[in-house]
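A quick write-up on the structure given underneath.
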Amino acid sequence: MIVDMAKSSSQTSYICVVAISLFLGNLFLGAQARTVHYYDFVLREINVTRNCTVTTILVVNDSLPGPTIRVQKGDLVYVKVHNQGLYGVTLHWHGVKQPRNPWSDGPEYITQCVIPPGTNFTYEVNLTEEEGTVWWHAHNEWTRFTVHGAIVVLPREGSSLPFATPDGEHLIVLGSWYNEGTSLNKALEMEMSIGSPNVPRATGYLINGQYGDFVPCSNETTPHFFVDYGKTYLLRIVSAVVGTEMFFTIADHNLTVVGMDGAYTKPIVVSYLMIEPGQTLDVLVTANQSPGRYYMAAQRFATEDMDFTKFAHMVATAIIQYKGNYSLTSPPSFPIDTLPFYHDYSAAASFVQRLRSLATEEYPVDVPHNVTTRMFITASLNDLPCPDDSCYFGDSKIGTSLNNISWVDPSVDVLQAYYRNISGVYTADFPDFPPEMFNFTGDDLSTSLAEAAEGTSVKVLNYNETVEVVFQGTNLLEGSEYHPMHMHGYSFYVVGLGLGNFNNETDPQMYNLVDPPKVNTFGVPKRGWVAIRFRANNPGVWYWHCHIDRHMSWGMNTVFIVKNGDTEETSMRPPPSYMPPCIASKEDKLFGERDHNLKSDI
Ligand code: C2O
Ligand code: CU
């Protein structure tokens, strides 16, 4: 059975085994040869210099971004995570559907508790229909700012890409930098504990872990991507940025989008991209300009109120450099005319509106036409009560909500509570509609509308239900912003999108049920709405949340529990023999108490 054993040249060690497995799940049908890969991820703290300052950060295998997992469609990956850091962590495989196996999905308090320092945990990353680029990241507090990497999924042996095979490819991971380094989660918890809006803010943005030429002490390490004149390259772009949407462009070169979130798209030719936190975009670029150096540049698309100016305005850069003999006289050319301005909403909207699924015979669209569960969910900034008057705003604190419920993390993960019938951990009463209908996107909304309740409220779906969710952004507290909604365990179709309040008579008539983009993360526009559809055919406990970590920490998240179907193949798998124990409180985890009994109690 062992056909191939290899050791990679990077710090990541892995072994491949080809196995013949039989899949009966409805996500993946038939007998297939699949390769099994083994990776070791060692998490530890290292010192790095950014912006002239030495900072301690937690990384995987001593690199930022972390190692790339490279597989073919349908492969199986085991990642053994060795936590040699000082705090508990979890990892999530963003965009990998993990059929029937939420036990390996990763979000803290949703499907597991943290992997304690000094211990290890093995994740099973089960690739099925994903093809293109997805990624992985830490999923406890904001640890993911330095703990993330790409997952490259090539076509299966014998099948090809739905576009001309590129001459080469480059990985581009966008990231954000926080001066706090490994103290970021502590700094966050301090602000969160008093309900303060002043949670840490990124000091800048990175391309492949580097600031680039326009930040002090950084130009020695600016990433260079070498290209041959006349050749075409596939750029796999991952946004691991923690708290904002980004614009991205390359001087003098068009970009052709061919994939997004692990699925192919109709090719669209653009001069810039807008990428939201959590999304991936696969893009072709042809080196057809005069040999020289060209900047690629990424900067914030800032969707808060325009008078909020305390955000990082710096531009992250890297250099596309043509190979060959020519003299490098001038500095690289900068994309002065194609990089949109921080607040260019129409640039963002016109990019987003062009995205379409490939929708061919080989890559069909199966968007549900008959909807059995309809939900209308408001996404808001809120005021939460602070009964003992101890909060930043006295008797209230900042929060976010979905349908006026601000998520509260339980102390035992929802998955374990569901599987073992532990009561008192969550309530199965997440509402299908907000408590009140009002002019959601209007100005000067009454502050009483912004009061929300806190709870651990989840939505339960029957197996195979066809679900439509309309996410409606609100302008409560003048706090409308983009909200990149991300669903675990699924990709969904974005069937509609608009500004203002959703109209349930006219807007559905405009839905795209032919070739809507199939994604796992998609933004609710500022003062607007987005409509998505999916079939609940993956039983388990699946987190969904805004992928702006600030909004997520304040409560803009909930969980879908998808019940089992009638057969074993349509039911959740049992837990592995070991899951990390749920013992540490948030305070213990971040502020001390190292000598817990680390034995699992389940
Ligand atoms: Cu990219 Cu809940 O995650
Ligand atoms: Cu958000």
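No hydrogens, no waters, no symmetry mates; every other heavy atom, side chains included, goes into these values. Indexing begins at 1, ligand by ligand and atom by atom, following the structure's order.
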Carboxylate-amine/guanidinium contact Glu169 Arg70, below 4.0 Å: yes
Heteroatom test (N, O or S) for His94 near atom 1 (Cu) of ligand 1, limit 2.8 Å: yes
Distance-only side-chain donor-acceptor flag, Asp75 / Gln72, under 3.5 Å: no
Residues forming a ring-ring contact (aromatic ring centres under 6.0 Å, His included) with Phe301, sequence neighbours excluded: Phe247, Tyr345, Tyr482
Vertex atom 2 (Cu) of ligand 1, arms to His139 NE2 and His488 NE2, rounded to 10°: 110°
Contacts of the Cu ion (ligand 2) with protein N/O/S atoms, counting only those under 2.8 Å: His483 ND1, Cys546 SG, His551 ND1
Closest approach of Asn140 to Thr90 (non-hydrogen atoms, all atoms of both residues): OD1-N, 3.2 Å
Residues Glu481 and His551: side-chain donor-acceptor under 3.5 angstrom: yes
Side chains of Trp407 and Asp409, donor plus acceptor under 3.5 Å: yes
Among Phe492, Phe471, Phe534, the one residue meeting ring pair (Phe, Tyr, Trp, His ring centres under 6.0 Å) with Trp544: Phe471
Lys/Arg cation over aromatic Tyr178: Arg201, 6.0 Å, 45° cone: no
Rounded to 10 degrees, the angle NE2 of His137 makes with NE2 of His547 at atom 1 (Cu) of ligand 1: 120°
Whether His486 has an N, O or S atom under 2.8 Å from atom 2 (Cu) of ligand 1: no
